[in-house]
Novice: 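Got a structure for you, written out below as structure tokens; questions coming shortly.
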Amino acid sequence: MSVERVETLIVGGGQAGLAMSHMLTQRGCPHLVLERDRIAERWRTERWDGLRFQFPNWSVRLPDFPFPHADPDGFATNSEIIDFITAYAAYIAAPVRCGVSVITLRRSYDGTGFAAETSEGPIEADNVIVATGPYQRPVVPALLRDEVSIFQMHASQYRNPNQLPPGAVLVVGSGASGAQIAEELFRSGRRVYLSVGRHTRLPRRYRGRDLIWWLSAMGLDQKTADERGPDRTKPLITGAFGGNTIDFRRFAAEGVTLLGRMQGAQQGVVNLASDLSKRLAYGDGSYTAFLDMVDAHVERHGLDMPEEPTARRVLPDPPCLIEPLQHLDLHAAGICTVVWATGYNIDFGWIDVPVLNTRGEPVHHQGVTEMQGLYFLGLRWLSNFKSSLLSGIGEDAARLADHIAARTR
Ligand SMILES: Cc1cc2nc3c(=O)[nH]c(=O)nc-3n(C[C@H](O)[C@H](O)[C@H](O)COP(=O)(O)OP(=O)(O)OC[C@H]3O[C@@H](n4cnc5c(N)ncnc54)[C@H](O)[C@@H]3O)c2cc1C
């Protein structure tokens with residue numbers, strides 16, 4: 001049987017795989033993109049209907065392709081992002097083969113390249129770029145595994161409030177997904193309990209500008225992986241409901257019951273850590289530190305930006321913080337659904353090339369592995385703050401394409 005050969009194989013047809021394709025085309029490097037489902041599949045099937053892009057329209061772009069919009073300060077809907085990525089694939093005429101999975105990736109027998117076993121037969125390539133996403137496998141703790149009477153789902157399966165059975169909802173996890181889903185549910189009239197973990201939060205707008213404007217003005221969006229610091233929590237931001245600052249005290253004032261971290265459960269009764277006030281204080285501290293940083297920047301550069309003292313107003317401690325629950329009986333509280341907003345893992349089990357560490361994470365420097373010709377793209381902090389973000393993918397893709405072009409020449 002003859003084996004198909006390509007110079008460069010890109011695995012994954014999301015924003016990263018497509019940006020990579022465009023960069024290779026611009027450098028005259030032949031390649032093929034394999035996507036196991038459809039272009040932008042994760043935006044189609046692993047995000048909820050009401051999700052809004054977290055960055056304002058004016059800042060959204062793929063390489064050589066700005067996001068078309070009527071309102072620069074608005075936040076795109078999920079379906080607008082799907083249309084945007086799909087239109088990008090057409091604009092760059094990406095050579096994408098949809099519906100083809102890479103099942104395993106190995107070194108080729110002669111050791112000069114790679115052999116991909118795909119759902120449609122083998123393909124050999126000199127170079128492979130793994131662009132299968134920063135958020136691959138939903139993580140669901142086993143804490144309520146035996147609670148079969150409660151409807152449970154990961155945030156990636158959540159679509160909208162109507163999908164859930166009637167009754168109260170427990171949202172576990174206070175990252176961007178947990179916070180946004182909790183807000184959507186309580187605004188839809190649901191009784192919501194939110195288990196809050198360690199988080200950092202940032203203002204949506206401050207002194208007349210959006211957060212993204214400030215990140216860029218202060219050069220924080222250029223932070224490299226080496227400058228990252230020890231705190232690995234992702235800051236909480238949302239573009240939903242016009243884009244507002246996430247403040248769990250406001251959530252509580254509007255009726256959400258905040259809970260400490262979930263530690264265990266027995267017969268439908270959940271044990272909660274007594275860390276709620278500590279968690280909120282940590283989040284508030286990150287928020288205030290950011291305001292301080294902006295104020296110092298304004299002062300240093302003599303910028304004419306209006307002061308905004310109201311941004312520092314702290315809402316009073318809600319009852320659920322003054323006397324936090326230690327246990328929660330799910331049935332007694334009328335909780336019929338648990339949404340696990342507990343994050344994602346990577347899953348590179350299909351890569352049979354010695355580039356993964358003992359935790360299954362790729363070992364690389366800015367996406368370049370020690371195995372000549374094998375690259376990763378789109379992972380969190382691959383090279384910098386923006387590496388896994390839609391508008392930031394172009395820089396890493398360009399750098400890897402330069403590497404490949406130099407290597408193949
Ligand atoms: C809830 C949520 C909200 C987010 N919101 C924003 C936001 O507002 N702004 C922002 O910039 N970023 C956001 N992100 C982060 C990031 O932009 C997205 O995760 C984005 O989908 C990453 O694009 P990607 O191309 O790197 O990976 P993915 O979109 O995950 O694409 C990878 C593709 O690879 C395919 N694939 C996987 N394995 C194989 C295989 N073995 N063979 C063939 N194909 C394969 C998948 O089907 C998928 O289509 C969000 C992430 C999440 C989870």
Side-chain angles (χ1 to χ4, degrees), residues 54-56 59 73 75 173-180 182-183 194-240 243-253 256 258 260-261 273-318 321-322 324 341 343 380-381 383-389 391-392:
Q54 293 166 22
F55 302 93
S59 70
D73 298 318
F75 297 90
S174 55
S177 295
Q180 288 179 33
E183 181 165 24
L194 175 63
S195 169
V196 177
R198 181 183 164 98
H199 62 274
T200 54
R201 64 188 193 91
L202 295 172
R204 176 74 268 172
R205 294 182 196 86
Y206 185 52
R207 298 185 76 153
R209 296 290 188 170
D210 188 85
L211 165 73
I212 303 306
W213 189 91
W214 284 116
L215 289 177
S216 165
M218 296 191 292
L220 295 177
D221 62 351
Q222 299 298 326
K223 233 186 204 184
T224 65
D226 295 337
E227 297 162 344
R228 186 179 177 189
D231 191 343
R232 301 283 134 129
T233 41
K234 280 183 288 162
L236 282 179
I237 49 172
T238 179
N244 56 49
T245 298
I246 292 175
D247 179 354
F248 291 127
R249 288 168 195 276
R250 174 176 59 81
F251 279 27
V256 173
L258 304 178
R261 227 170 357 97
S274 55
D275 59 354
L276 182 56
S277 57
K278 201 165 125 195
R279 301 290 163 200
L280 289 201
Y282 190 82
D284 292 347
S286 61
Y287 171 83
T288 313
F290 188 82
L291 301 187
D292 292 346
M293 212 185 295
V294 171
D295 288 348
H297 178 83
V298 169
E299 172 108 31
R300 201 167 41 249
H301 295 273
L303 303 180
D304 184 17
M305 319 284 274
E307 287 188 26
E308 195 183 334
T310 51
R312 291 181 185 268
R313 210 175 278 157
V314 180
L315 291 174
D317 282 357
L321 187 60
I322 297 166
R380 289 190 67 213
W381 288 92
S383 74
N384 66 41
F385 170 84
K386 294 189 286 188
S387 289
S388 60
L389 302 176
S391 303

Novice: Please list all pairs passing the ring-ring contact (aromatic ring centres under 6.0 Å, His included) test where one or both residues lie in residues 203-236, with sequence neighbours left out.
Specialist: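 Residue pairs passing ring-ring contact (aromatic ring centres under 6.0 Å, His included), neighbours aside: none found.
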Novice: Please walk me through it: do Leu280 and Val196 pass side-chain contact (heavy atoms from CB on, under 4.5 Å)?
Specialist: CA-CA 8 Å; Leu280 289 201; Val196 177; 4.2 Å; yes
Novice: Looking at residues at least two apart in the chain, or sitting in another chain, which of them share a ring-ring contact (aromatic ring centres under 6.0 Å, His included) with Phe55?
Specialist: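 Result, ring-ring contact (aromatic ring centres under 6.0 Å, His included) vs Phe55: Phe53.
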Novice: Is the backbone of Leu236 close enough, under 3.5 Å, to the side chain of Gln54 for a donor and an acceptor to pair up by distance?
Specialist: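 Side chain of Gln54 to backbone of Leu236, a donor-acceptor pair under 3.5 Å: no, none is there.
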Novice: Return the minimal non-hydrogen interatomic distance between Gly243 and Phe75, and the atom names on each side.
Specialist: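 Minimum heavy-atom contact is CA-CE1, 3.8 Å.
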Novice: Who are the salt bridge (charged side-chain N to carboxylate O under 4.0 Å, His left out) partners of Arg250, not counting sequence neighbours?
Specialist: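 Applying salt bridge (charged side-chain N to carboxylate O under 4.0 Å, His left out) to Arg250 gives Glu183, Glu254.
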Novice: Does Thr288 have any side-chain contact (heavy atoms from CB on, under 4.5 Å) partners at least two apart in sequence or in another chain, and if so, which?
Specialist: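 Only Asp292, Arg312 meet the side-chain contact (heavy atoms from CB on, under 4.5 Å) criterion with Thr288.
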Novice: According to ring-ring contact (aromatic ring centres under 6.0 Å, His included), who are the partners of Phe248, at least two apart in sequence or on a separate chain?
Specialist: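 Result, ring-ring contact (aromatic ring centres under 6.0 Å, His included) vs Phe248: His199, Phe251.
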Novice: Without swapping roles, check the side chain of Ser174 against the backbone of Gly197 for a donor-acceptor pair under 3.5 Å.
Specialist: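 It does hold such a pair.
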Novice: Which residues pass the salt bridge (charged side-chain N to carboxylate O under 4.0 Å, His left out) test with Asp210, sequence neighbours left out?
Specialist: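 Testing Asp210 for salt bridge (charged side-chain N to carboxylate O under 4.0 Å, His left out), a comparison that skips the adjacent residues, returns Arg204.
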Novice: Residues in side chain to side chain donor-acceptor pair (under 3.5 Å) with Lys234, at least two apart?
Specialist: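 Partners of Lys234 by the side chain to side chain donor-acceptor pair (under 3.5 Å) criterion, ordered by chain and then number, come out as Tyr135.
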Novice: Taking only residues two or more places apart in sequence, or in another chain, which ones meet Ser387 in a side-chain contact (heavy atoms from CB on, under 4.5 Å)?
Specialist: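 Only Leu382, Ser383, Asn384, Asp396 meet the side-chain contact (heavy atoms from CB on, under 4.5 Å) criterion with Ser387.
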Novice: If we ignore hydrogens and angles and just use 3.5 Å, is the side chain of Ser195 paired with the main-chain N or O of Gly260 as donor and acceptor?
Specialist: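 Confirmed, Ser195 side chain pairs with Gly260 backbone.
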Novice: Over all heavy atoms of both residues, which pair between Pro235 and Leu202 is shortest? Give the atoms and the distance, please.
Specialist: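 Pro235 and Leu202 have their closest heavy atoms at CB-CD1, 3.5 Å.
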Novice: Taking all atoms of both residues into account, what is the closest heavy-atom pair of Ile237 and Ala176, and its distance?
Specialist: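 Where Ile237 meets Ala176 most closely, the heavy atoms are O-CB, 4.1 Å.
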Novice: In Å and rounded to the nearest 0.5 Å, what is the OG1 to OH distance from Thr200 to Tyr287?
Specialist: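 Thr200 OG1 to Tyr287 OH: 13.5 Å, rounded to 0.5 Å.
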Novice: What is the distance from atom CD1 of Ile246 to atom CZ of Arg201, rounded to the nearest 0.5 Å?
Specialist: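 Ile246 atom CD1 to Arg201 atom CZ measures 9.0 Å (nearest 0.5 Å).
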Novice: Please identify each residue that fulfils salt bridge (charged side-chain N to carboxylate O under 4.0 Å, His left out) with Arg198, with sequence neighbours left out.
Specialist: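 Expected list: Asp231.
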Novice: For Asp221, which residues count as a side-chain contact (heavy atoms from CB on, under 4.5 Å) partner, sequence neighbours excluded?
Specialist: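 Testing Asp221 for side-chain contact (heavy atoms from CB on, under 4.5 Å), a comparison that skips the adjacent residues, returns Leu215, Ser216, Phe385, Lys386.
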Novice: Would you name the heavy atoms of Pro56 and Ile212 that are closest together and state the gap between them?
Specialist: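 Closest approach of Pro56 to Ile212, heavy atoms only: CD-CG1, 3.5 Å.
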Novice: Just so I know, are the side chains of Thr238 and Asn244 near enough to count as touching, which here means a heavy-atom distance under 4.5 Å?
Specialist: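 A side-chain contact under 4.5 Å exists here.
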Novice: With a cut-off of 3.5 Å and sequence neighbours excluded, list every side-chain donor-acceptor pair involving residues 296-311.
Specialist:
residue : atom : partner : partner atom : Å
Glu308  : OE1  : Arg207  : N            : 2.7

Novice: Which pair of non-hydrogen atoms, one from Leu291 and one from Pro203, has the smallest distance, and what is that distance?
Specialist: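 Answer, listing the atom of Leu291 first, then Pro203: CD2-CG, 3.8 Å.
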Novice: Atom NZ of Lys278 and atom CG of Leu276: how far apart are they, to the nearest 0.5 Å?
Specialist: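 Spacing of NZ (Lys278) from CG (Leu276) equals 12.0 Å.
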Novice: Who passes salt bridge (charged side-chain N to carboxylate O under 4.0 Å, His left out) against Arg249, sequence neighbours left out?
Specialist: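 Testing Arg249 for salt bridge (charged side-chain N to carboxylate O under 4.0 Å, His left out), a comparison that skips the adjacent residues, returns Asp284, Asp317.
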